[in-house]
Number of protein chains: 2
Amino acid sequence: MSVPNAGGGETKSPAGTCEPEEPRHMRADAKRNNELIIEAARKVFAGQGGSASIEAIAKEAGVGIGTFYRHFPKRINLVEAVYRDDVDSLSQLASESAEQLDPWDALERWLWGFADYARSKRTFLNELHEAFENNPDLRSNSREKISVSCSQVLARAQEAGMARSDINGDDLVQLIAPVCTNTTIGGEQNTRLIRMILDGLKTLPSPS
Amino acid sequence: MSVPNAGGGETKSPAGTCEPEEPRHMRADAKRNNELIIEAARKVFAGQGGSASIEAIAKEAGVGIGTFYRHFPKRINLVEAVYRDDVDSLSQLASESAEQLDPWDALERWLWGFADYARSKRTFLNELHEAFENNPDLRSNSREKISVSCSQVLARAQEAGMARSDINGDDLVQLIAPVCTNTTIGGEQNTRLIRMILDGLKTLPSPS
DNA sequence: TGCTAAGCGGAGGGAGCCTCCGTATAGTAA
DNA sequence: TTACTATACGGAGGCTCCCTCCGCTTAGCA
């Protein structure tokens with residue numbers, strides 16, 4: 001969950017020097033609205049694309065414009081928050097799947113989750129690109145997190161002999177992401193291609 | 001020179017089926033304004049970035065808003081026109097250089113011209129990306145044109161024994177473009193890197 | 001020289017972004 | 001429970017930008 005304005009201070013007060021262990025209390029209503037806005041933004045971006053108006057997002061979230069801007073002073077802050085939240089969800093999905101499912105099912109569930117994530121980025125690639133430019137760490141940190149999550153479920157399946165071992169998490173992510181973000185690949189084709197990748201992943205490498 | 005609304009018809013009339021040999025007469029003032037707008041847009045985009053206002057561009061061009069929209073009904077049409085014009089300039093530069101200069105100087109001059117072109121794209125990469133999405137042919141056609149131009153000057157230098165022969169136009173473009181579009185590379189560093197590439201290009205391949 | 005298709009230009013409607021500030025309330029202390 | 005206040009809410013309104021519309025102007029032609 002990303003809370004750019006956490007700390008509740010006025011916009012003018014310096015926020016850079018706060019002690020990290022004491023993230024300053026946030027009122028329950030503020031926290032709830034923050035989550036509502038991110039959830040609404042995800043929905044509206046998916047429906048209307050990344051250029052959707054802030055008014056529409058605030059309305060969908062059921063909050064006023066003023067509240068919106070208190071939480072996300074710049075539009076880019078919102079894009080970033082939605083993205084961070086998506087990436088965090090993927091990390092969580094990896095942990096949950098690993099706890100609850102057998103190794104192959106956990107891997108498959110995570111990969112489908114990742115495919116959903118990647119597909120959802122198609123509608124606001126430009127905005128995301130801008131967010132990356134605005135904050136270079138965002139890209140590298142997220143990439144790292146995703147790679148770790150993928151490796152987590154993949155390694156478990158590999159150790160159980162359920163997935164081929166000549167591929168790593170990064171490879172897999174690089175293989176699936178483009179298939180999902182490419183706008184010329186339709187939904188049905190996308191699903192078929194990912195199924196094929198999964199089948200390949202399940203197969204032992206052919207002797208060269 | 002790109003003239004999206006050439007033919008002077010109403011916006012509603014279909015423009016896709018025109019005969020290429022008879023581009024329908026365009027009044028001299030219209031042609032002049034079209035060129036003025038593209039030139040102004042290049043200047044304003046370079047100074048203010050791709051999100052510069054259309055008002056600013058029209059003002060720089062010395063034309064009214066109405067005139068602007070007669071020439072470029074959508075903002076994206078302008079981005080496309082500027083880009084096409086840039087690419088055409090590169091083609092022209094290749095031909096001119098080949099006529100006027102010795103093979104190596106022609107190659108070098110074209111490559112510096114290409115570097116300028118690529119650098120100028122940094123300020124409106126997002127807009128360009130949008131234009132490519134809007135019109136997929138734009139990307140492939142432009143890439144092809146640039147590749148041809150580069151090959152034209154490169155081949156001449158190679159035939160004269162002034163440039164190594166184990167590299168082709170596409171390679172060279174792919175090598176230089178990222179160095180120029182990368183926003184983390186400063187102007188001075190950029191120049192040094194390109195000089196180094198040029199030196200490498202002049203050198204015979206080392207035996208492996 | 002006069003005609004007219006083509007082009008010019010800017011007022012103004014509409015939409016979106018963001019600020020400002022009066023009102024409401026969660027959390028706390030007594 | 002009550003009273004207090006730091007924190008948060010919300011929307012009117014100012015600003016900017018996009019684009020349309022339509023009356024005025026003029027290049028090019030007969």
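Sequence lines set the chain letters: A, B, ... in the order given, protein chains first and strands last, and positions in each chain run from 1.
- Qualifying side-chain hydrogen bond (donor to acceptor under 3.5 Å, both in side chains) partners for B/N135, counting only residues two or more places apart in sequence or in other chains: B/E80.
- The CG-C1' distance, from B/N77 to D/dC19, rounds to 13 Å in whole Å.
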Side-chain atoms of residues 147-154 of chain B: list all donor-acceptor pairs with protein atoms under 3.5 Å, sequence neighbours left out, distances to 0.1 Å.
from, atom 1, to, atom 2, distance (Å)
B/S147, OG, B/D170, OD1, 3.2
B/S149, OG, B/S91, OG, 3.4
B/S149, OG, B/K145, O, 3.0
B/S151, OG, B/S147, O, 2.8

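- Not counting sequence neighbours, the partners of B/Q92 by the side-chain hydrogen bond (donor to acceptor under 3.5 Å, both in side chains) test are B/E96.
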Under 3.5 Å, which N/O atoms of the protein pair with N/O atoms of nucleotides 25-27 of chain C?
from, atom 1, to, atom 2, distance (Å)
C/dT25, O2, A/R27, NH1, 3.2
C/dA26, O4', A/R27, NE, 3.3
C/dG27, OP1, A/A28, N, 3.1

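- We find that NZ of B/K31 is positioned 18 Å from C1' of D/dT26, with the value rounded to whole Å.
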Please enumerate all protein N or O atoms sitting under 3.5 Å from an N or O of nucleotides 11-18 of chain D, with distances to 0.1 Å.
from, atom 1, to, atom 2, distance (Å)
D/dG11, N7, A/G66, N, 3.1
D/dG11, O6, A/G66, N, 3.3
D/dC18, OP1, B/R75, NH1, 2.8
D/dC18, OP2, B/I54, N, 2.9

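- With sequence neighbours excluded, no residue forms a side-chain hydrogen bond (donor to acceptor under 3.5 Å, both in side chains) with A/R139.
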Counting only pairs under 3.5 Å, give me each side-chain donor-acceptor contact of residues 36-46 of chain A, with atom names and distances, residues two or more places apart or in other chains.
from, atom 1, to, atom 2, distance (Å)
A/R42, NH1, A/D86, OD1, 2.0
A/R42, NH2, A/D85, OD2, 2.6
A/K43, NZ, A/E60, OE2, 3.2

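- Here B/K31 pairs with B/E35 in a salt bridge; the nearest charged N to carboxylate O distance falls below 4.0 Å.
- Rounded to 10 degrees, the angle between the two end axes of the helix from C/dT1-D/dA30 to C/dA30-D/dT1 is 10°, with five pairs used at each end.
- A straight line from NZ of A/K59 to P of C/dC17 spans 15 Å, rounded to a whole angstrom.
- Look at A/H71 and you won't find any side-chain N or O under 4.0 angstrom from OP1 or OP2 of D/dA8.
- Between the P atom of C/dG7 and the CD1 atom of B/I37 lies a distance of 12 Å, rounded to the nearest Å.
- Across A/R156 and A/A106, no two heavy atoms sit closer than the pair NH1-CB, 3.7 Å.
- The CZ-C1' distance, from A/F72 to C/dT19, rounds to 18 Å in whole Å.
- Note on residues 169-191 of chain B: no pairs pass ring pair (Phe, Tyr, Trp, His ring centres under 6.0 Å), not counting sequence neighbours.
- Shown here are the ring pair (Phe, Tyr, Trp, His ring centres under 6.0 Å) partners of B/F114, two or more places apart in sequence or in another chain: B/W110, B/Y117.
- Between B/N33 and C/dG7, a side-chain N or O to OP1/OP2 separation shorter than 4.0 Å is absent.
- Listed by chain and residue number, nothing satisfies the side-chain hydrogen bond (donor to acceptor under 3.5 Å, both in side chains) test with B/N33 (two or more places apart in sequence, or in another chain).
- Atom CD1 in B/I57 sits about 17 Å away from atom C1' in C/dG9, given to the nearest Å.
- Within the structure, no pair that satisfies the salt bridge (Lys or Arg N to Asp or Glu O under 4.0 Å) test touches residues 172-187 of chain B, not counting sequence neighbours.
- One can place CG of B/L36 at 10 Å from P of C/dC8, the figure rounded to the nearest angstrom.
- For the pair B/F68 CZ and D/dC21 C1', the interatomic distance rounds to 17 Å; values are reported in whole Å.
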